[in-house]
Every structure is written in C-alpha cells, then in structure tokens.
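To keep things clear, I will list the structure first and then write my remarks on it.
Nothing fancy with the numbering, it's 1 onward along the sequence.
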Amino acid sequence: MIIQRIRVHNFKLLKDVDIQLSIDPAKPLTVIRAENGSGKTSLHYAIIWGLYGMDALKSITSPTDIRLSSKAAPAGSPVFIEVVLDFHITDEGGTAYYRLTRHVQETPQVTGSAERGREVVKLSKLTAAGDKELDQPESWLEQWLPKRLVDIFFTNGDDVQKFITGKQEARVRQEKVHLAIESLLGIRQLRTAVVDIEAVQSGLDRRAARDAGGKLEKVTGELEKLELALKEIDDEYEKLTVRLGNIERDQVRKGRELEAIRGIGDLDAINQEIQGLEEDLAALEGYQQKNFAAMSGLLRSEALSWTLAGASLKKALTRLDELKDLRLIPKTSTQILEDRLELGICICGEELEPGSTHRDEVAKLLAEQQDRGAIAERLTELRYGARALRSVNQQDFAGARTDALGDFAKLAESVRSKTTALQAAKERRALIDDVRVRELAEELAELDRKKGDVKFKLGNLDTRRGTAKYDCDQKREEKRNAERNASISRDLAVRRDVGLDLLNLARAVQDQLEGPYVERVSKRLDRMFKDIIGADNGASTGVITATSITSNFDIVVSSQHGNSLDPDFEVNGASQRALTLAFVWSLMEVAGTVAPRFIDTPLGMVSGTTKERMVEAITRPPAADETPYQVVLLLTRSEIAGVEHILDQRAGAFGTLSCSQHYPLDLVHKWAEDEPYSRNCGCSHRQQCNICARRHDNDLGLRFREESVA
C-alpha cells in the first residue's frame, strides 16, 4: 500500500489540511515540517484514526475518553470530523487505486468531553468507469495494514524505543517483536495452516486405518497419542526455554543493579570510614584550639614588644640607669624627712622643736619632696621592673611566628582534606539503598532457585522427549509395516499422501520462515544499525559489536568479550532510536511489505553525523530488486538542521504545518481567522511564506515564496 494523499478536516486543530505524499520510488521520502504544537502528533493520530478507528487510537494513547475535535470548539455546536486517504496497491493484477473515508460528528460539552456519533467508514475502488464501494472495508484493510502492527507502520518518536528498552517487561518486548515478525513474515498464518493441515491429515489417517482393518487402526491411534504427547512435551520445552531466557536476563539486569550499588562501597566499611574521619576532625579541632592559643600568646609576648619597640625600650632603660646614678631614684628622702620630724631631731643633730624655724624649714622641704614623689615612685618602679627584662632578638619572634603560622596552615589543610573525605563518604552512604541491596540479593537468590527448577524440568523433559521420539519412530515403522500389509482404497491413499505432502511442505516453509528468514532480518538489522551508529563492522573495537534477534524473539545488543548491553542503561537514546528503526526497516525489507512508514519526530536526541547516517539509512531509495516503500518524516526545524542536503536528494514531496496560536510570538504573519487552528502550506525545508514564516527563519537562510494567507 502506498498513500498518495491525506485530507483532514476538523481533527483536533487540523481544520482543513491537504497533503500530497511522494509516490516516486526514486524519491520515497515525504517531509512534513512542523514545530512543536503545530499539529505533527495530531496528523499522526488522524491517519491512524482514519485507517483503524477509535480502538486503535485508544490502544496507543492512555486516555479512554478521547476527544477528536478541537478544545477551542464551542460547547453545544456539532463538529464534523473527517479523514480521507487516497492510496494504491500493486499486485500481480496490476495497480489499483482506492479512497478510504472515515467521518464522525462530535458535539463538545461544557465539561470538556464530547458526545460522539457513530463512525462511518467507506472504502471505494477508483476506476475509469466510476467509484465502486467495497464491503467490509476494515476487514479488507486488515490484509494490507494489520491493526495489530500499527506500531510498525506509524511510529511516534517519543515511543520509538518500545521494541528495545526495558520500560516494558522483557516478555512484553518479546511479544511485540515476535508479533511483528510473525505477522509480516506470514509465520502466524502458516502456523494456523499447519495446524489445520495436521487436523485434516489426522482425519485421513484415521479413515485409512479404519479401511485397512483393526491392526492398522490400532497402530494409527497409538501413534496419534504418541505424537500428541511429543507435541505437548515440545510445547512445554519451548515455554520453559523462553522462561529460562527471561530468568537469565532478569538475573543479568538485577546483578548489574546490585553491582552498581555495591560498586559505591560496602555500607559497614563506609560507616567505619565516616566514624574515623569524624574522630580525626575532632582531634584536629583540638590541635587548632591550641594553635590559636599559642598565636594569641605570641601576640602578648615580650618577644613581640622587643620586636616592635626594642630601640625605645633600650633608650628608656639607659635613662633610668642615669637617674639612678644621679641618685634621683630610687627616691628615699621623703621617708627620711618624715622620720626626722617624728623624732624631732634633724640629721645634723639639731633639735626640731615645734614652732621652731628649723622645723618649719624641714616641713617645707618635706612638702616639696612629696609633690615630686609620684613621678619618682613610678620611675623607681620602672627601674626595678626593668631589671627583670631581658633583651630578646627580633629573630626569636619571627621564628616563633613562622612556626605558628605553618602549624596553622597544616592544620587547616588537614581539616579541609578530612572534611572533603567525610562529605564524600556521607554522599556515598546516601547513595546506598540498603533495603534495595537486600531486596536484590533476595530476588537474585529466588531467580537462581527458579533457574535451577527450570533447568531440572528441562532435563527431565529432554529425557522424556528423547524417549517419546524413539517411541514415535518405532510406532511409525510399525504403522508403515501395517500399511504394506493392509488394503486401502486408492482414492483415500492418494488423498492421504497428498495431505502428508502438503503438511511436510507447510512445515518446511514454517521452518524456513522461523529460521533463515528471521536470521536474514537479524543480519540486516545488524548491518543497518552499525551503519547508522558508525560502528566498526569488524567488531574488533568499540562498545557495540553486534545486534541480533534471539530464538526467543528478543533484540540483543552485544559488546566486547561476549557481554550484552542493557538497552535501558548502557545504550544511549540515539542508539535506541536507531536500533528500533533498523528493526522496522529490516523486517519490512525481508518480508517484502509495501507499506508507508510514518515517523513523528524521529531525530530527537540524535545529532551530528549519527543524524546524517540515520536519515541516509531510512530514506535510501530501494534498488530495482528490492521492495518499494515510502517514508514520511514529521520534522522540526532543529531536526532538519544539518541534513538539508539529504532531504534535497531523497524527498519527492514537502509540506509545512503551522498553528495560528504561534502568532505573534513565533509566527510573523497573522491569519484571517482568530480561532486557533493548524493549516499546511507547500513550503519545503528551505522555504518560508506568509503562512509559515517564523521569527528566525531568515537566520536559517530560508527563501521566501508567495502563498496567500487567505
């Protein structure tokens, strides 16, 4: 199926959108440029709704009550919503053209929800003689674009990794990959056919046995029971093998999580480290206090005095010595005069009678001496105090100062170092979820027990399977001998032999599809993925060495030394997208499926040469012997940046979506209508017009083209 034209009317903000897609095999790419909020996702959903209806839309969006009309539509006013798809299909009979129309009427409510009428879907075959409406259009479409494969044909960039990452359980991912492979390679239909042929063949065998007589009938019945038992054993063996693979992958994932936590450090050891560091810091704080006290004492020391005022101190001491030599100090005359007056006899021997002239003279002299006494006493104190001073060399203080400051710097550095180490240890301890460690250890132990149980059961089944196969072979030989001795009608014998041939052929084709064809998908996936990420195909260097699809239908990314990478934690977002796109492309190529591949915002998280290689890979025109296809990329301007030259070569059609709500902040021109809506214009990735021009388009070097706003 190749889609030629898409018309959308009143779906979300898409008021009247008409887009022509490229149908040129040499240029299979259609580029629809649209910024965030311009209608890319709405267009994506509109196409899905047009093809499959509400059920498919609900399966890929979480809300159960989905509104199709614009939120800006007034409550109570019915809105007619319609999607029209024109497409063609080429098969052995040639190319036929079709038109699919789906429409519904929706009435918005004041609550924000909407009342929706019955959907009407119509599929018409377009011929020169007129349109011919086909019955059961949805069943007819299911043959070409199965609804269960909507994720394959229509990929949302935000969900592009759903086949790869562990955001879903491994079992769900395997089912998605398995379903895609089965459906596109026809394995599911073939399995159904094998079961049907087996049932018919069993019926023919029973009829032949009844015709041949009791012995052959008995042997045939016994063989049927043995083959049924063997099939049950095989089915159980396959289920257990899948379960074992899931257990082993869970073990690897949980083991890596546990190693990551334990890689931070042992909790007890970190606690001991923290305790030791806290004790060291406490001791260092004590040493710092002593250092501060020593520096404080040094600032009050005699050494600092001699360093700062040594010359003045020496001069003062010399002067005091001079005063002493002059007997001006120490001052003792005052005490002597007081004693003489108290004795009443002068030092010369004359009596000092009260009221006498001599006594008055001595009293006068005593008064004069007392006035000078305070200064003399202070000088005397200084003289005697100075005798205790010692002259200190200035180098003594400088050395003590250097030692104290050195000790201070060493202690400060030790405190900083210990504090940093303590903080780091506490941060490491905070990262360790001790409860999660115990949970993971218990879960791993339980997985190990389950793994042992499964292996034990597989061993028993393997033994039983060997015995059952031997019994079946023996019984088949017994049946062949009975058939040689029995008489069966020729018609029944021919029908039985033809049925057996058909069964063998169907089983051979099934084996071919499940084996070599899946292997072809796996090899093509590996080659394309490596081309996109730029990995060395020699697998001798680099992190990623190979990708493959396992027998359990899981996509595995391999690294050096036989290790596998966890897509959640060890494969970046760009590589996850590349891996999913490579899987989709490889599967559709091997299956020979002619179908559109819509991708909404595929280049998010991808840049540089990886982006170039990805666009190169998914837009490469098919060779003459390859299946034709078309790809539609819904891209923002930032996604387009850097790959314009590839789009020039590969794109056969362009379009641009814009939304009126972006005026005047982003859009340059105002449209006629005031209500918010989205519309498209014919601008390519290198153009702008009155409809789509944005504020920074001139900075991008986009050429202006005339297109009416009306």
Side-chain angles (χ1 to χ4, degrees), residues 6-19 32-85 100-122 138 147 150-151 154-160 162 167-168 598-601 604 634 636 655-667 670-681 691-692 694:
I6 304 167
R7 282 169 287 173
V8 182
H9 181 66
N10 289 339
F11 188 99
K12 299 293 186 182
L13 289 178
L14 303 176
K15 187 174 183 181
D16 283 299
V17 170
D18 190 340
I19 298 175
I32 300 175
R33 181 181 61 178
E35 299 308 300
N36 295 332
S38 295
K40 293 189 306 297
T41 302
S42 293
L43 178 62
H44 188 84
Y45 288 160
I47 299 168
I48 293 173
W49 177 75
L51 285 166
Y52 305 113
M54 287 302 301
D55 288 342
L57 209 54
K58 289 178 180 178
S59 70
I60 60 174
T61 58
S62 53
T64 55
D65 184 17
I66 302 174
R67 178 168 166 173
L68 301 182
S69 57
S70 169
K71 292 288 186 181
S77 299
V79 180
F80 179 76
I81 302 164
E82 183 179 54
V83 172
V84 181
L85 300 172
L100 175 69
T101 302
R102 187 183 297 270
H103 63 80
V104 71
Q105 184 165 284
E106 193 173 80
T107 303
Q109 305 295 300
V110 292
T111 58
S113 60
E115 289 185 358
R116 193 164 39 249
R118 185 178 65 86
E119 290 183 5
V120 178
V121 58
K122 183 173 75 171
E138 291 174 322
K147 183 164 59 178
V150 64
D151 291 338
F154 302 94
T155 306
N156 186 320
D158 294 334
D159 299 329
V160 73
K162 64 178 61 178
K167 294 173 184 176
Q168 304 171 89
F598 281 78
I599 311 177
D600 177 9
T601 322
L634 289 83
T636 64
T656 296
L657 280 173
S658 304
C659 182
S660 61
Q661 291 184 110
H662 294 173
Y663 174 85
L665 188 61
D666 294 310
L667 283 179
K670 178 178 173 58
W671 304 344
E673 296 86 348
D674 291 327
E675 74 272 11
Y677 70 101
S678 294
R679 63 185 298 185
N680 68 303
C681 61
I691 295 174
C692 69
R694 298 175 77 86

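Within the 4.5 Å cutoff, side-chain heavy atoms of Leu68 are placed close to those of Met54. With contacts defined as side-chain heavy-atom distances shorter than 4.5 Å, the pair Pro108/Val79 qualifies.
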Next item on the list: Could you walk me through whether Arg679 and Lys15 pass the side chain to side chain contact (heavy atoms under 4.5 Å, CB included) test, one step at a time?
Entry: CA-CA 7 Å; Arg679 63 185 298 185; Lys15 187 174 183 181; over 6 Å; no
Item checked: Evaluation steps, side chain to side chain contact (heavy atoms under 4.5 Å, CB included), between Glu82 and Thr101 -> CA-CA 7 Å; Glu82 183 179 54; Thr101 302; 3.3 Å; yes
Next item on the list: Decide yes or no on side chain to side chain contact (heavy atoms under 4.5 Å, CB included) for Ile66 and Tyr45, but give the supporting numbers first.
Entry: CA-CA 11 Å; Ile66 302 174; Tyr45 288 160; over 6 Å; no
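If you take CG on Leu634 and CZ on Phe598, they are separated by 8.0 Å, rounding to the nearest 0.5 Å. Interatomic distance, OG of Ser38 versus CG of Leu14, reported as 10.0 Å (0.5 Å rounding). Rounded to the nearest 0.5 Å, atoms OH (Tyr677) and CG (Asp16) are 9.0 Å apart. Considering NZ of Lys12 and OG of Ser678, their distance stands at 12.0 Å, rounded to 0.5 Å. The structure places NE2 of His662 at 7.0 Å from CG of Leu667, a figure rounded to the nearest 0.5 Å. Here the CG atom belonging to Leu57 is positioned 9.5 Å from the NE2 atom belonging to His44, to the nearest 0.5 angstrom.
Within the structure, salt bridge (Lys or Arg N to Asp or Glu O under 4.0 Å) contacts touching residues 102-111 (residues at least two apart or in different chains) are Arg102-Glu119, Arg102-Glu138, Glu106-Arg116.
For Ser77, the side-chain hydrogen bond (donor to acceptor under 3.5 Å, both in side chains) criterion is met by no residue, not counting sequence neighbours.
The shortest non-hydrogen separation linking Gly50 to Leu100 is O-CD2, 3.3 Å. Residues Val83 and Ala46 approach most closely at CG2-O, 3.6 Å, considering heavy atoms. Arg33 approaches Cys692 most closely through the heavy-atom pair NH2-SG, 3.6 Å. Here the shortest heavy-atom pairing between Cys681 and Ile691 reads CB-CD1, 4.1 Å. Considering every non-hydrogen atom in both Ala34 and Lys40, the closest pair reads CB-CG, 3.2 Å. Across every non-hydrogen atom of Thr636 and Asn36, the tightest pair is CG2-OD1, 3.9 Å.
Between Phe80 and His9, the ring planes lie tilted relative to each other; the angle falls in the 30° to 60° range.
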